[in-house]
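One structure below.
Numbers here are sequence positions counted from 1. Computed from heavy atoms alone, side chains included, the values below leave out hydrogens, waters and symmetry copies.
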Amino acid sequence: MAKREVDIVVISDVHLGTYGCHAKELLKYLKSIKPKILILNGDIIDIWQFSKSYWPEAHMKVVRRILKFVTDGIPVYYLTGNHDEMLRKFTDFNLGSFQLLDKIVLNIDGKKAWIFHGDVFDVTMQHSKWLAKLGAVGYDTLILINSFTNWLLTSFGRQKMSFSQKVKARFKEAVKFINQFEQTAADLAVDKNYQYVICGHIHHAEIREMESTDKTGSVLYLNSGDWVESLTSLEYDNGDWKIFKYNPDDFKSDADEDDKTDAEDLDAKLDVKILFERFKQEPG
């Protein structure tokens with residue numbers, strides 16, 4: 001299957017290392033595109049909830065697919081979020097076409113795009129990080145229960161449902177938080193004279209022109225959503241932005257490449273006994 005060429009792809013909130021992550025679907029998407037620039041806008045690896053006992057092969061394959069973009073010379077910007085905040089210790093790290101940053105400003109066809117995860121706008125993150133981490137555990141548990149429920153629903157030919165999206169829609173405070181987040185991002189972007197402001201964090205994909213609170217200007221606000229529930233990304237091509245939403249019907253034929261990276265036995269590569277045997281066989 002021919003790869004789709006895209007100028008820019010923005011992905012956020014993948015949460016590798018958690019039960020809610022849709023790594024298999026993300027891998028199929030990554031294998032189907034050929035971006036000129038890939039931006040990983042935070043919470044790609046969930047270090048908050050990382051456990052050595054849960055790191056499926058599909059999650060490692062996503063990491064390796066991203067590294068393949070790097071080895072192919074495609075610029076990959078990893079912008080840190082709150083769930084992978086430990087990586088902020090290594091901000092401004094560069095390795096070939098890979099850069100680890102907290103935020104970035106890109107010139108996109110003559111327009112300045114301000115790109116960052118967005119957790120800095122979260123009051124809970126600023127004052128009660130322990131509460132945010134507790135909420136993350138609760139969210140992951142909710143997603144796990146939701147996955148089992150959806151498995152039952154699809155088994156009976158029923159439509160899937162999203163618990164967290166229903167909660168967000170039902171509680172005014174959740175809607176209010178999203179609105180405040182978007183308005184804060186827009187206000188700051190207008191003040192800094194940016195034409196685009198691109199965030200993640202709130203798991204709510206969006207593209208819309210927003211006016212600043214003081215009515216002094218407007219900016220195109222974009223959010224890449226997530227790969228836990230929405231399975232969305234942002235794509236920029238031929239001068240236009242759009243929200244990509246994963247549809248399993250579009251990926252029935254798996255796009256395996258000539259390279260054999262995905263066919264390798266990853267568990268065997270991590271087996272110390274196998275490594276030891278290889279060491280013994282190597283010529284002196």
Side-chain angles (χ1 to χ4, degrees), residues 4 6 8-33 35 38-46 48-49 58-59 62 65-66 79 81-84 115-119 121-122 135-136 138-151 153-154 158-171 174-182 185 197-208 210 220-236 241-251:
R4 283 193 304 113
V6 189
I8 302 172
V9 171
V10 184
I11 298 169
S12 70
D13 300 275
V14 176
H15 294 274
L16 291 169
T18 66
Y19 292 103
C21 172
H22 284 268
K24 291 180 180 179
E25 290 82 354
L26 177 58
L27 182 62
K28 289 182 180 181
Y29 171 61
L30 291 175
K31 289 165 69 176
S32 73
I33 58 173
L38 175 63
I39 300 170
L40 305 172
N41 199 7
D43 289 0
I44 305 303
I45 299 175
D46 198 320
W48 274 8
Q49 301 181 77
H59 293 219
V62 168
R65 180 58 47 172
I66 292 169
L79 310 182
N82 50 307
H83 285 253
D84 45 22
I115 311 169
F116 54 93
H117 184 63
D119 57 294
F121 299 155
D122 195 330
Y139 177 76
D140 199 37
T141 304
L142 182 65
I143 293 298
L144 188 60
I145 295 170
N146 201 167
S147 298
F148 177 70
T149 303
N150 282 335
W151 177 80
L153 288 172
T154 53
R158 302 281 296 278
Q159 191 173 359
K160 292 182 179 180
M161 62 183 295
S162 170
F163 288 172
S164 68
Q165 288 179 359
K166 286 184 177 294
V167 170
K168 288 176 185 176
R170 188 166 184 175
F171 288 95
V175 177
K176 183 180 177 183
F177 169 76
I178 291 174
N179 291 339
Q180 288 178 339
F181 177 96
E182 295 174 340
V197 58
I198 304 173
C199 304
H201 187 57
I202 57 174
H203 293 213
H204 182 75
E206 185 72 84
I207 298 178
R208 64 189 172 105
M210 291 189 64
L220 187 65
Y221 166 83
L222 304 101
N223 197 297
S224 45
D226 67 279
W227 282 82
V228 176
E229 296 178 273
S230 306
L231 279 62
T232 56
S233 66
L234 292 171
E235 295 184 351
Y236 179 81
W241 285 100
K242 72 172 185 178
I243 295 172
F244 170 87
K245 185 168 179 61
Y246 181 86
N247 182 354
D249 292 338
D250 297 333
F251 293 87

Minimum heavy-atom distance Y236-V6, with the two atoms named: O-CG1, 3.5 Å
Nearest-0.5 Å distance, CG of residue N247 to CD of residue E25: 11.5 Å
Straight-line distance of D226 CG to H15 NE2, nearest 0.5 Å: 7.0 Å
By side chain to side chain contact (heavy atoms under 4.5 Å, CB included) - contacts of K242 (at least two apart): R4, E235
4.5 Å side-chain heavy-atom contact, S230 and Y246: no
Residue from I39, L38, L40 passing side chain to side chain contact (heavy atoms under 4.5 Å, CB included) with V9: L38
Atom pair NZ (K31) and CG (L26), whose distance is rounded to the nearest 0.5 Å: 11.5 Å
Pair H117 + H83: ring centers closer than 6.0 Å: no
Any donor-acceptor N/O pair, D84 side chain to D46 backbone, under 3.5 Å: no
Donor-acceptor pair, side chain of S224 and main chain of L234, under 3.5 angstrom: no
Interatomic spacing from CG in L222 to CD in E182 - rounded to 0.5 Å: 10.5 Å
Min side-chain heavy-atom separation V197-F116 under 4.5 Å: yes
For the student: nearest non-hydrogen atoms of I8 and W241, plus distance: CG2-CH2, 4.4 Å
Aromatic ring pairing F251/Y29, orientation class (parallel under 30°, perpendicular over 60°, tilted between): perpendicular
Check: I115 and N41 side chains under 4.5 Å, non-hydrogen atoms: yes
Non-neighbouring partners of K245 that pass salt bridge (Lys or Arg N to Asp or Glu O under 4.0 Å), sequence neighbours left out: none
Any donor-acceptor N or O pair under 3.5 Å, side chains H201, D13: no
Qualifying residues under salt bridge (Lys or Arg N to Asp or Glu O under 4.0 Å), relative to E206, sequence neighbours excluded: R208
Interatomic spacing from NZ in K28 to NE2 in H22 - rounded to 0.5 Å: 12.5 Å
Side chains of D43 and S12 in contact at under 4.5 Å (non-hydrogen atoms): no
Minimum side-chain heavy-atom gap F181-N223 below 4.5 Å: yes
Nearest atoms (heavy-atom pairs only) where I11 meets I44: O-CD1, 4.0 Å
